[in-house]
Structures are given as C-alpha cells and as structure tokens.
Trainee: 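Sharing a structure with you now.
Protein chains get the first letters and strands the later ones, always in sequence-line order, with residue 1 at the start of each. Values below: every heavy atom of this structure, side chains too, minus hydrogens, waters and symmetry copies.
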Amino acid sequence: MRRRSLDILLAGTASDSHTWNLVYLQLFLEERGHRVGNLGPCVPDPLLVRECAARRPQLLVLASVNGHGYRDGLGAVRALRRAGHTLPVVIGGKLGTAGEADPAQRALLLEAGCDRVFDDGDTHALGAYLDTLAAVETRAAA
Amino acid sequence: MTAAAALAPSPPATGGPDPRPGSFGAFVARCAAAGQLVVQPRMGFADPERMRDGLRRTKAAAATAAGTLTIDSYTRVGDRAAARAALAEGAPLNGYPIAAHPAARTRALLAGVADAGFPVQVRHGSARPEAIIRALTAAGLDATEGGPVSYCLPYDRTPLAESVAHWARGCELLATLAPAPRTAHLETFGGCMLGQLAPPGLLVALSLLEGLFFVRHGIRSVSLSYAQQTHPGQDAEALRALRRLAEEFLPAGVDRHLVLYTYMGVYPRTAHGATRLLEDSARLAVRAGAERLIVKTAAEAHRIPTVQENVRALETAAAAAARTTPEQADGGDSEVYQEARRFVEAVLDLGDDLGRALRTAFARGLLDVPYCLHPDNAGRSRSFLDPGGRLRWSDTGAMPVAPYATSSRRTPLTADGLLGALLTTSSRYDSDPPAPEGADMEHTPPPLGTHLASPTLRSAMLVQQEALYAVREFLRGQGFTELLPPLVGPVTDPGGRGAKALDVDYYGQPYKLMTSAILYKQASLRGFPKLFYIAPNVRVEPPETAGTGRHLVEFHQIDVELAGASREDAQAVAAGLLTHVVEHVWSAVPEVLRELGREEMDFAELLSGGKFDSCTHAEAVARLAGHGHTQSPDAEIDWAGEKVLSLAADRPFFIDDYPKGSRGFYDREDPERPGVLRNFDLIAHGGYGELASGSEREADYAALVTRMRESGENPAKYAWYLELAREGIASSAGFGMGLQRLVRFLTGLDALWQVSAYPKLPGVIAP
Ligand code: B12
C-alpha cells in the first residue's frame with residue numbers, strides 16, 4: 001500500500017500560547033513525509049476558518065496544553081463545521097486542567113465533528129491515524 | 001551578634017532608596033535585610049473562594065512568602081467574554097480571571113489576607129496588559145509582571161510593535177493608577193522567555209532591557225527575573241551578571257531586586273525529581289543572591305497544582321534556602337556577563353527610544369530567541385547543551401555574539417532530537433535515584449527497612465546517644481534524680497494546635513497516653529525536689545503538620561522540674577544543659593558531626609559563654625512584624641515566625657511572657673501582670689526553631705481550678721491531680737526539651753524523622 005503525503009495545517013488553540021509542542025509536532029509530521037503549515041499559538045476561530053478556506057489542507061491538527069483545550073477545541077470545531085469545512089480535524093495535548101482525560105468532554109468534541117481526540121497526548125496514536133488517513137487518500141486518489 | 005541585635009530591623013540591602021513600607025519592593029527588601037529568601041507560588045484558580053484559601057494558606061506556610069494571583073489564559077489573550085462564559089459554565093480555568101470578576105469581588109478575596117507583611121502580585125502573560133492593570137489596581141494591588149518582549153514572543157501572536165506600545169502604556173497606567181504613597185512594582189519576564197533552550201546571556205540581557213524599559217516609562221520599583229537553566233555554575237554567573245548590569249544600567253534611584261524562577265522547561269514527572277529540582281533552585285537563589293524565588297510544584301508536569309501542592313513547594317524551597325549560605329563572589333567578567341553586555345549595548349546603540357530599539361533589534365536579528373515561532377523573531381539562532389551541561393550557542397544568526405561550537409556540518413533537527421534536548425533536565429532528575437537521606441530533604445521517610453539501614457540514621461543515633469549521656473551527666477551533676485515516668489494516665493497535658501492525646505482502653509476506662517508529663521512532675525516534687533525524665537511521648541498531631549519536618553507523633557522528651565524555683569532558675573538549667581550537650585558531642589563525636597555537614601563554627605556563639613538573650617513574646621511579635629511576618633499577639637508564635645526568629649539569631653535565645661490562652665493551665669500567671677504567663681520557649685538559632693518550652697507552674701488549688709475553667713477544661717477529669725494540689729503542691733519551675741529536636745539541631749538534619757529510628761509522621765499510618 002502506497003502512502004501519500006498530506007497537506008496538514010497545524011494550530012494552537014485560541015487561548016493557548018504554548019509553542020514547543022507545535023515545533024515538535026511540525027517536525028514529527030514532516031518526518032512522516034507530510035507538508036505542514038504551522039499557524040502558531042493562540043489561533044482565534046475566525047482566523048482558523050479563514051486559513052482552512054485559503055489553504056484547503058487535507059487535515060487539521062489542533063494542539064493544546066494549557067488546560068483550556070476541551071473548551072477551545074469545541075469552539076474551533078464548531079466554527080469550522082458551521083462554516084462548512086468537512087476536512088478531518090483532530091485535537092490532542094493536555095486538554096483539561098485535571099491531568100487526566102475527561103470522557104464527557106471528549107464525547108462533546110466527537111459529537112461536534114472532531115475526528116479524533118488524543119487527550120492523552122499520544123503522538124504514536126496520531127502517527128497510526130495519519131497512516132490510515134494517508135492510505136485512504138491513496139485509494140481515493142487511485 | 002546577640003539574638004536581639006540580629007532581630008532589629010535594618011535598612012534594605014538592595015540598591016535604590018527604600019520604597020514605601022507597604023509596597024512589594026519594600027517587603028522583599030526587608031526580608032533580604034533579614035537574610036530571608038522570599039518564596040512565591042504560581043497559583044491561580046477561577047473560583048474566588050479557592051483563590052482566597054490559596055492565598056491564606058500561602059501566608060500561613062512555614063516560609064517567608066509573597067502571594068500570587070496567576071491569571072487565566074482567556075484574560076491573558078484579552079477574551080473577556082470567554083472568561084465570563086467559562087465562569088458561567090463552571091468550566092475549570094487555568095487561572096484567576098481578574099478582569100471578569102468585579103473589582104469588589106477581588107477586593108473581598110484579598111481583604112484581611114494581603115497586607116504589608118504579605119504582598120500579592122498579579123502574574124499573567126498578556127501583550128495587551130491594560131485591562132489587567134486596571135483590574136488589579138482597582139482591587140488595591142500594585143505589583144505585577146510583564147515586558148514588551150517577554151509577554152509577547154512566548155505568549156501571543158500580537159505583533160511586537162503593538163506589544164511595545166501596549167506595554168509603554170501599561171507601565172504608565174500602572175504608575176498612574178497606583179500613585180504615591182503606593183509604589184507600583186513590575187517584574188520582567190525577560191529572564192524566562194520560552195522557558196528552555198535559550199542561553200543565559202540572552203535571557204539576562206532581555207531581563208535587564210525590559211527593566212530599563214519599565215523605568216523609562218515611569219516605574220520606580222522593579223524586579224529582574226532569571227529562570228534556572230541547566231547548569232548551577234552558569235546560572236549563578238547569570239544572576240551575578242544581572243545584578244552587575246542592573247547597577248551599571250539602571251538609575252540609582254530605582255528600587256530593584258533579583259527574582260529566580262525554578263526551572264521553567266519540561267519538568268520532572270516524579271515527586272522526587274520535582275522536589276530535588278525545586279531544592280536546587282532554592283539553593284541557587286541563596287548562593288547567587290537572588291532575593292525572591294518563584295517555585296514549581298510536584299504537579300507541574302501533569303496538571304494545575306492544588307493549594308496543598310503549592311504550599312508544600314513553598315515550604316520545601318524555604319527549608320532548602322534556610323540551609324544554604326550566600327556565596328561571596330563579584331559580578332565577574334564571566335562569559336554570561338560579557339555576552340549579555342554585548343546584547344545590551346547592541347540594543348542601546350540603536351537609539352534612545354528603547355521600545356523602538358528593541359523592535360529594530362528583533363527585526364535585524366540582533367536579538368533572536370531560539371525556536372520561537374513568533375513572526376517578529378528571526379528564528380535563525382540555535383543552542384545546544386555542551387558536554388559539561390552548559391547551555392551555549394551553536395548558531396547565532398545576526399546576533400552580536402559568537403557561536404561556541406562552530407560545527408561545520410550541523411545535524412538537522414529531528415523531532416526526537418528536539419524532545420531529547422527539551423527533556424534533558426527532567427530525565428536527569430527523574431532517573432537519578434532519590435538522594436540519600438541527609439544529603440537532601442525528602443518529605444517522607446523511605447520504607448522502614450531502608451531507613452533503619454541508612455548511614456545518616458546511624459550517624460544521628462551516635463549523636464543522640466552522646467547527647468543522652470551528656471544530659472544525664474549534667475543533670476545528675478546538678479543534683480537531679482532521674483525517674484521513669486508514667487505512660488498511661490487518666491489525663492495528660494492538653495495539647496495545642498489541634499494535637500490530641502491518644503486514648504487507650506484501660507480496664508474499660510478511657511485513659512490517655514502521655515503527651516508530656518508536667519502534672520506528674522509536679523506531683524513528684526514531694527519526694528524529689530529536683531527531678532527529670534527522659535520519656536517517650538505520643539501526640540496525635542494534625543495530618544497537615546506531616547510536611548513541616550518538625551512534628552512526629554511519637555517522640556521523646558527530656559522533662560526537668562525543680563521545686564522552689566523561678567523561671568530564671570529553670571532557664572539557667574536549660575541553657576546550661578544545652579551548652580553542656582553541645583560541648584560534649586563536639587568532643588565525643590566531632591567527625592560524625594562534620595560528616596553530617598555540621599561545623600564547630602555553627603555553635604561558636606553558643607559556646608562563647610554568657611547568659612542566653614531573652615525577649616518577651618510581645619517583642620518577638622513586633623520583630624516579626626518588622627520582618628514582614630504577621631503574628632497574632634494572642635497566640636503561640638507560629639512555625640513560620642519561629643523559623644524567621646531562629647534564622648535571624650546566631651545563638652539560642654529565650655522568648656518569655658506568653659499571653660494567657662496560648663498555653664495550658666499549669667503555666668503560672670504573673671501576679672503583677674494578669675494575662676501574662678511566667679513561661680518561656682528556648683529557640684535554637686539557625687532556623688531550627690523551638691527546642692524547649694517551660695514555665696513557673698501554677699500550684700495553688702483555687703487558681704488551678706479557675707484556670708482550668710477558663711481554658712475550657714473539666715476540673716473533674718483532673719481529680720487525682722487537684723486532690724494533690726489541695727493537699728499542697730510545691731511551687732516549681734521546669735521545662736521539656738524535645739530530644740529529636742535537640743538531635744536535629746545538633747546534627748543539622750532537616751526533618752525530625754531523620755533523627756528518629758521509628759518515625760511516625762502525623763497522619764501517616766506506618767509501622
Ligand atoms: C514551557 C512551559 C511554558 C512556557 C511556554 C513557552 C512557549 N511559548 O511554549 C511559558 C512559561 C510561557 C508557559 C506559560 C503558560 N503555561 Co505552561 N508550561 C510549560 C511546561 C513547563 C513545559 C511545556 C513544554 O514545553 N513541553 C514540551 C513539549 C514538546 O511537550 P508538551 O507541550 O507537553 O506536548 C507533548 C504532549 O502533550 C503531546 N502533544 C501536545 N500537543 C499535542 C497535540 C496532538 C494532536 C497530539 C497527538 C499530541 C500533542 O506531544 C508533545 C510531546 O510528547 C509545562 C509543564 C511541563 N510539561 O513540564 C507547563 C504547562 C503546560 N503550562 C501550563 C499553564 C497553565 C500555563 C499558563 C496558562 C500559565 C499558568 N496559568 O500557569 C501559561 C500559558 C498562557 C496561555 N495563554 O496559554 C500548565 C497546563 C495545565 C494543564 N493543562 O492542566 C502546565 C502543564 C504547567 C502546570 N502544571 O500548571 N508555559
């Protein structure tokens with residue numbers, strides 16, 4: 001099975017200023033052969049929607065570690081879906097302030113149209129997801 | 001120096017004039033003059049009640065602490081609507097939304113907590129600080145943190161030019177809204193930036209330049225920050241360089257101090273790693289002369305810490321600081337100083353408008369923060385850890401400094417490589433085995449088997465055995481008789497501070513295990529006018545005292561009583577006893593003491609002869625106020641206060657005349673001064689706190705019954721004792737000296753459990 005490289009847009013959530021995770025994730029994604037646009041931290045919903053419209057990425061990766069991730073992620077996903085964007089959206093990092101995943105909050109995100117929630121910050125799981133996505137893309141393109 | 005002289009308020013040691021007494025800068029200066037490192041949390045909760053509780057418990061911590069309101073991320077990015085909505089939803093926030101709450105609410109949460117002895121600072125991270133500054137000044141606060149560069153590049157996507165303009169206005173706003181007699185205080189965040197992988201020269205320069213920026217925009221009291229990096233030697237160079245540059249570049253009239261941040265990069269995940277990194281930062285602060293330390297908790301790597309975790313971090317840092325002595329060293333022409341100075345000069349050369357100069361410097365890449373994603377940062381610089389652990393430049397782009405290693409072919413950065421670099425410190429602290437006891441303060445003992453086998457315990461027990469020998473030798477020489485005390489009785493001394501006696505079932509009657517044996521000592525005077533015990537005691541201390549290092553549930557006490565004696569007689573015995581014990585252990589086991597890190601010098605003043613000094617409880621309270629520590633005039637001196645006084649002294653001293661109500665009914669009230677007790681505490685110097693408590697005893701039947709009633713005790717419970725009193729108990733004075741506290745003082749170990757073979761910590765169920 002051939003893997004295709006994806007155009008990925010990477011963004012920190014609206015209130016989150018942490019960037020080391022973004023620097024890391026960019027390298028991580030690029031090393032897997034994908035092209036990455038890094039919007040940086042504190043990306044407000046309107047900017048995110050605009051950038052998705054302009055760049056037409058094949059995947060949006062939202063990252064958040066400041067503890068507001070569930071709430072900010074929900075706002076972002078809703079804004080994107082409301083604007084009619086159907087691209088796959090995933091979110092990960094340290095999404096709450098309690099140091100553990102919150103199943104109710106994660107369910108809200110999935111319900112709002114988020115494709116995957118890596119609220120344990122597991123980048124291996126993200127890697128595996130990318131592989132399936134890239135494989136599907138290959139088939140779709142074939 | 002006498003204890004009294006050591007306690008007298010002295011002028012601030014830091015540069016610049018004395019800022020107003022109630023201000024943040026003045027508080028830090030007072031503490032610095034008293035040799036106290038100010039410790040401060042990064043604490044913030046959405047709920048005002050929880051926030052208030054956090055401040056109250058910060059204030060009550062066994063530490064010289066300042067308070068913090070850390071602001072949530074919505075307020076930081078200026079999204080007040082989101083902050084309000086999150087509050088309404090009850091969503092947990094990562095800080096206190098100061099601009100979303102009405103000023104009255106913040107005032108109420110500060111009322112009775114924030115004062116001259118406990119200033120509160122607002123810490124945020126906003127490139128547009130005006131709303132936060134308005135909110136904090138409206139709430140009566142005047143100290144905060146920030147910087148045109150450091151609250152922009154690491155925090156936001158706001159263009160640097162806008163941040164510079166906002167911060168110029170912010171400074172002016174703060175100075176205007178906190179007018180004299182208040183003194184606005186501003187701390188730079190430039191010494192931290194992204195928290196990790198920026199070589200110290202750049203951090204020091206940014207911190208200095210931001211301080212200068214504040215001053216040019218009307219701020220007269222500043223603190224310059226620096227965040228602990230990877231190498232203690234390099235970090236000490238950085239702090240000294242920062243102090244020297246402040247002297248060289250800040251106007252003389254500006255109050256200033258240095259503030260160190262405990263490691264700001266990826267934090268150790270284990271409790272022992274987290275604690276040791278924190279302790280290393282406290283030691284660094286004291287060694288290199290920073291006046292204030294912002295701590296990290298053991299929860300740092302995982303989640304927002306609780307109040308309890310914050311308090312624990314403060315106390316751990318304070319304890320480590322108390323055991324460290326400042327190192328004399330000049331600002332030196334160290335590598336860090338020279339590099340920082342080159343950055344500073346390069347920026348100042350760009351013109352008189354510092355804000356504009358900073359913007360130009362970033363635009364040209366003269367200042368270039370490694371790995372910073374902000375569009376106004378050049379992003380050409382890179383750093384690495386040299387084999388010795390120092391953080392150095394590998395690429396300097398357009399910066400006016402040279403790379404350390406000119407590796408011709410740089411290996412490209414990989415995700416794993418970056419992670420490895422970010423995790424170097426945390427991995428080191430997580431993987432090192434916990435330090436052997438005694439080398440470092442750990443809060444709880446290891447499993448009993450490990451503890452019993454530890455060399456530190458063995459040394460401590462050798463010292464204890466010699467101390468016991470000397471106690472008996474001294475007291476017998478003075479004509480005292482040793483009795484073996486009772487363990488179980490119908491009553492025992494009522495405990496203070498929420499401590500309880502342990503009840504046992506004694507043939508169906510609730511009996512108590514002794515918490516100290518004053519009543520029995522008094523009874524025994526009939527046959528033994530000079531007597532002593534060395535007795536086990538059990539006191540069910542409240543669980544929150546577990547981390548103080550000063551409380552054990554099971555301990556031993558040297559209890560002394562002498563008939564017909566005054567307080568002064570008892571004090572003479574206590575002082576003589578302590579002096580004899582110190583002399584004896586230094587002649588019997590000097591090498592053991594030295595191995596534990598003690599020096600004979602530590603006891604020089606004690607052994608120099610002469611009476612120990614004494615002050616009254618009221619004087620001690622006043623002195624504590626002078627140190628910025630609030631102490632109730634009607635209560636026992638709290639641990640934190642006791643520690644302050646102990647640290648300020650260089651030989652043991654007595655505190656006399658505790659107020660009635662702070663002690664039990666058996667301490668005699670002064671007939672000439674109702675409400676004042678003829679009692680005392682013996683306080684060790686060097687931060688070891690109380691060693692002994694004593695008094696003249698109440699022996700008069702009627703007075704005893706009255707005092708029992710006053711203190712809410714039921715006289716009926718004390719029937720056997722009152723019966724004896726009715727028949728006549730001799731007047732007497734005496735004291736109890738905690739054996740483990742004595743041994744801790746002799747050995748210089750941190751925690752009482754380290755000097756107990758079978759430690760029982762408050763609230764911990766242990767064999
Ligand atoms: C460095 C740091 C900072 C720096 C950030 C500088 C910068 N521009 O990046 C500074 C000092 C500025 C800072 C500020 C703040 N911080 Co901070 N910070 C840290 C710290 C110490 C290290 C983070 C880091 O760099 N990690 C290295 C990167 C590579 O790892 P990472 O971010 O953890 O990400 C890993 C995983 O989570 C995962 N991951 C991350 N994102 C994603 C996304 C996906 C899709 C996937 C699959 C995986 C994934 O992959 C990474 C590699 O394993 C952490 C605590 C810690 N870990 O020790 C706190 C921490 C993240 N900060 C925290 C907070 C709260 C803040 C503040 C809000 C201040 C405050 N109230 O205390 C502000 C942020 C303001 C804002 N507007 O958001 C909290 C978050 C609490 C929570 N989530 O429960 C932490 C955990 C500290 C704490 N215990 O309080 N911080």
Trainee: Is it true that atom CZ of A:Arg35 has more than 12 heavy atoms of other residues, nucleotides or ligands lying nearer than 6.0 Å?
Mentor: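 Result for CZ/A:Arg35: enclosed.
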
Trainee: Flag the pair B:Glu89 and A:Arg71 as a salt bridge only when some basic side-chain nitrogen lies within less than 4.0 angstrom of an acidic carboxylate oxygen.
Mentor: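 Salt bridge present between B:Glu89 and A:Arg71.
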
Trainee: What part of B:Leu93 gets within 4.5 angstrom of chain A, counting heavy atoms only: side chain, backbone, both, or neither?
Mentor: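 Both the backbone and the side chain of B:Leu93 come within 4.5 Å of chain A.
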
Trainee: Given that the side chain runs from C-beta out, which part of A:Asp72 has a heavy atom under 4.5 Å from chain B: side chain, backbone, both or neither?
Mentor: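 Backbone plus side chain of A:Asp72, per the 4.5 Å heavy-atom cut-off to chain B.
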
Trainee: Hydrogens and angles aside, do A:Tyr24 and B:Asp416 bring a side-chain donor and acceptor to less than 3.5 Å of each other?
Mentor: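 There is no such pair (donor and acceptor under 3.5 Å, judged by atom type) between the side chains of A:Tyr24 and B:Asp416.
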
Trainee: Stepwise, does the side-chain contact (heavy atoms from CB on, under 4.5 Å) test hold for B:Leu418 with A:Leu27?
Mentor: CA-CA 9 Å; B:Leu418 175 70; A:Leu27 292 167; 4.1 Å; yes

Trainee: Check whether A:Val43 gets within reach of chain B through its side chain, its backbone, both or neither, counting any heavy atom under 4.5 Å.
Mentor: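 Both backbone and side chain of A:Val43 come within 4.5 Å of chain B.
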
Trainee: Looking at every heavy atom in both A:Asn66 and B:Ser73, which two are closest together, and how far apart are they?
Mentor: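 Scanning both residues, the minimum pair turns out to be ND2-OG, 3.0 Å.
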
Trainee: With B:Glu49, which residues qualify under side-chain contact (heavy atoms from CB on, under 4.5 Å), at least two apart?
Mentor: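 Counting only residues at least two positions away or on another chain, B:Glu49 forms a side-chain contact (heavy atoms from CB on, under 4.5 Å) with B:Asp47.
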
Trainee: Could you give the distance from OH (B:Tyr155) to OG1 (A:Thr19), rounded to the nearest 0.5 Å?
Mentor: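 It comes to 11.0 Å.
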
Trainee: Kindly say whether B:Asn94 contributes a backbone atom to a donor-acceptor pair with the side chain of A:His68 at under 3.5 angstrom?
Mentor: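 Yes; judged by distance alone, with no hydrogens or angles, the pair exists.
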
Trainee: Taking side chain as everything from C-beta outward and backbone as N, CA, C, O, which of these in B:Pro154 sits under 4.5 Å from a heavy atom of chain A? Side chain, backbone, both or neither.
Mentor: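 Backbone of B:Pro154 only, per the 4.5 Å heavy-atom cut-off to chain A.
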
Trainee: Top residue by heavy-atom pair count (under 4.5 Å) with chain A, among B:Ala91, B:Ala86, B:Ala301, B:Gly417?
Mentor: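 Ranked by contacts with chain A, first place is B:Ala86.
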
Trainee: Are the side chain of A:Trp20 and the backbone N or O of B:Tyr371 linked by a donor-acceptor pair below 3.5 Å?
Mentor: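 Checking the backbone N and O of B:Tyr371 against the side chain of A:Trp20, no donor-acceptor pair under 3.5 Å is found.
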
Trainee: Taking everything shown except A:Arg78 itself, do over 12 heavy atoms lie less than 6.0 Å from its CZ?
Mentor: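 No, not enclosed.
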
Trainee: Looking at every non-hydrogen atom in both residues, tell me the closest pair between B:Asp156 and A:Ser17 and how far apart they are.
Mentor: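 Nearest pair, atom of B:Asp156 first, then A:Ser17: N-CB, 4.5 Å.
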
Trainee: Are the side chain of B:Arg157 and the backbone N or O of A:Leu39 linked by a donor-acceptor pair below 3.5 Å?
Mentor: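 Pair found, side chain donor or acceptor close to backbone of A:Leu39.
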
Trainee: State, to 0.1 Å, how close B:Leu373 and A:Gly40 come at their nearest heavy-atom pair, and which atoms those are.
Mentor: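 Scanning both residues completely, I find the closest heavy atoms to be CD1-CA, 4.4 Å.
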
Trainee: Please rank A:Glu100, A:Glu31, A:Glu30 by heavy-atom pairs under 4.5 Å with chain B and give me the top one.
Mentor: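 Ranked by contacts with chain B, first place is A:Glu31.
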
